[in-house]
Structures are given as C-alpha cells and as structure tokens.
Amino acid sequence: MSFTFTTRLPLSRHAVDRDHLSRAIPGLFDQLWADAATRVLLVWHGKILLAPNDSTSAAHLALLPPTSVAMSRENPGLRVYLGRSLPTDLPEPTGTRIVAAQLDDDAAARLEPDESRWVNLRMVATVLNDRDAGLFTEALGVLNWHASHAHCPRCGAATVVEEAGWVRRCPVDNSQVFPRTDPAVIVLITDADDRILLGSNAMWENNRYSLLAGFVEPGESLEAAVIREMFEESGLRVTDPAYVGSQPWPFPASVMCGFTARLADGQRARDLLPDGAEILALRWFTRQELVDAGEWMLLPGPSSIAHAMIERWLGAPLPASTELIRP
C-alpha cells in the first residue's frame, strides 16, 4: 500500500523567501532595526505571540515593528533573520523582512502580560496561514538549535552567533557549527488484512496510540531505518517501505519522513513483541475498530504527520478525541 498526500502537511507549509544571501551582510540587524518596515516575530519559551483576536479574520501571528520591541543595544538577546514575506494578500507587503527575537520573562511580561496570547505551535499549526505556519516552524527549529549549541563541540568554548543567527562560531579555532535537523522515520504498517499497527509509548498515557517512529542512524538510508526501527520496536519484519511525504517537527529538531510498509511474508501479525522500554503496547486495528476506539483512545493531533497518514488510510476524519501530542 502506498499513497501521496493530496494536501500539504500543516508544518510543511511555507511562504517565505529565506533570503540566505542577506545573512552575511555586516551589521544586518542594525540595518533591519533602522527600517520601520521590518517586522519582528516574538518568541518566549517556545511560544509565539498571537495578534489580538479579530472575529473578521483568521488567527495570525503578531508581527511588530522594531520600535515596539525593547532591546538593549549592548545585549539585544538572540535574534534570527527568517527571510522575506512572499504573500500578496497579507497586511505585510511582499518582501517584508522578518526577524525572530527571543524574549526573557521580564521582556515578555512587559510586552504582553496576557499569557493566553502566547501560543505553542501544536495549538495553532492547523489554523495559521501558510506563511505564519512556516515562520513559526522555522523560528522554533532554529532557536531550539541555538539552545543546545551554546558551546563548541570540540573544546567547550562559548560560541558566538553570526550570519544573522544561522551560524555559531568557536572563538578559539574559528570553526563553525550550523543548524542541525535529525531525520526520523514514521511508518504506517499494514498486514494482509489491511489493518494498521499502532503503539503506545512509555512516555505517554496508557491510552495514547500512534504510528511507530524512530531516528535514522549514521550511515543508514531512510528505507533501512524503516526496517530496523520497526523490528526493534515491534519484533516484526516489514518490507516494501514507500516514502509518502515529510514534515518538520521542531520538538526539538526533527524532520519526520513518512513511509508505508507491509508485514513481510512469513511474519505473523500476532507475533507482536513491544520492546518494553520505548513501546509498551502494540495493537492491530481495522478501520471500524479504530473509529470505535476513538471513544477511549487518544490519537495523534491534527498538526502531526501521523494524523494525516492515519486519516488517509482510514478514508475519513479521525475521531474528535484526538489531541495535539504525537508527530
């Protein structure tokens, strides 16, 4: 079984020119802050500020002029140049340059004390327009990378942020560290009866189920990772891995590569063997069983690629009890 997505996945949408050549301009942030047309995307603990509620328009991110964002010239905080806005039907003109700025608690409270306007990506991914969904995903991914790469991996020296937030340089040997993304495979496995396999992770509630997934190891193809990871987590051999699409998942730094696969010949569907460490329970579901299970089981939320893959197999919307948790 194989398929392609007929619509773009929520976090795969984008409408921004990342304008990579501008990152090397000396004093770029000074230039951007002097330009009243620049807009700033504010990030606080992984959340972004929503624009004030307007019943006449869809939810959208608050993009503020630099003068609205109080920053010390000596210590402006972490900023990343995200690129230029492309749409022609948004308040910001095409070509508007956008910067992500990370705020501390005091700055966020001064700017907007109403914490309900600070939202996480899972909450709003499916209701934002293409540009805002892409901006949020881009900003969160690169800022998460900064959070884990403050020091040189070679000598431990504190690294210096350069290239408009897209490079960290070691001041000791001038080596550069670039943003990293960890590829992972997520797999919809079917058996001879066209049932799908779902598992429950040790880190979740015991009634939460999703597709099996795992990270790609060094020197490994995506297809090989599908076969290895599925065997490690379920004890089953799968075959015919077929790529169906991908979606960034910046929690903290992944790209989820979706595959279908089928139970290999000679494998019995009943021979399930959860690894007991990461996966505690495994179960096959027919379409009707999955619909009925929606009354007691938590399934992947609509921002996830797992949601889209299961829904595509099901041929109908997932039960309303799904939540915004699993990729």
Side-chain angles (χ1 to χ4, degrees), residues 1-13 121-123 125-127 133 137 183-215 222-223 225-227 229-230 233-234 236 238-249 251 254-263 269 272 274 278-327:
M1 172 189 172
S2 182
F3 59 80
T4 57
F5 294 111
T6 56
T7 59
R8 284 181 295 173
L9 296 163
L11 303 188
S12 294
R13 297 175 295 143
L121 183 54
R122 291 182 178 93
M123 290 172 58
T126 59
V127 298
T137 305
V185 294
I186 184 163
V187 188
L188 189 151
I189 303 171
T190 54
D191 68 0
D193 297 319
D194 198 27
R195 298 180 299 175
I196 62 167
L197 182 65
L198 299 180
S200 183
N201 193 287
M203 298 177 64
W204 308 337
E205 305 93 326
N206 59 14
N207 65 333
R208 186 180 302 282
Y209 281 77
S210 185
L211 303 178
L212 301 184
F215 287 106
L222 298 176
E223 292 80 3
V226 168
I227 294 170
E229 278 286 349
M230 297 308 99
E233 294 192 352
S234 72
L236 298 176
V238 300
T239 190
D240 299 334
Y243 174 76
V244 298
S246 67
Q247 172 167 274
W249 192 250
F251 306 108
S254 300
V255 57
M256 306 301 297
C257 302
F259 281 82
T260 59
R262 66 177 180 84
L263 201 59
L272 296 173
E278 183 177 354
I279 303 299
L280 299 185
L282 293 164
R283 180 172 169 180
W284 294 98
F285 290 87
T286 65
R287 288 172 174 81
Q288 190 57 53
E289 287 171 340
L290 188 64
V291 171
D292 294 342
E295 300 177 0
W296 62 266
M297 184 171 66
L298 300 176
L299 292 169
S303 64
S304 65
I305 189 173
H307 182 102
M309 293 172 68
I310 296 171
E311 202 165 71
R312 176 65 176 78
W313 169 84
L314 185 63
L318 283 179
S321 63
T322 58
E323 293 189 2
L324 310 181
I325 295 293
R326 177 66 166 137

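Basis for what follows: all heavy atoms, side chains included, without hydrogens, waters or symmetry-related copies.
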Do side-chain atoms of [X] reach the backbone of [Y] as a donor and acceptor pair under 3.5 angstrom?
X: T137; Y: A133; value: yes
X: S12; Y: S246; value: yes
X: W284; Y: A269; value: yes
X: S234; Y: L236; value: yes
X: N207; Y: W296; value: yes
X: E311; Y: A308; value: no
X: D191; Y: D194; value: yes
X: Q247; Y: L11; value: yes
X: R208; Y: M203; value: no

(message) My understanding is that only one of L188, L299, L282 makes a side chain to side chain contact (heavy atoms under 4.5 Å, CB included) with L198; could you say which?
(response)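 Among the candidates, only L299 passes.
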(message) For P302 versus T126, what's the shortest heavy-atom pair and its separation?
(response)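 So the two residues come closest at O-CG2, 3.5 Å.
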(request) Might you point out which heavy atoms bring L318 and P300 nearest each other, and give the distance in Å? (result)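 Shortest heavy-atom separation between L318 and P300 comes out as CD1-O, 4.2 Å.
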(message) Counting C-beta onward and ignoring hydrogens, is there a side-chain heavy-atom pair between T190 and R195 closer than 4.5 Å?
(response)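 Not in contact.
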(message) Within the 4.5 Å heavy-atom criterion, are V255 and W249 side-chain neighbours or not?
(response)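 No, too far: nothing below the 4.5 Å cut-off.
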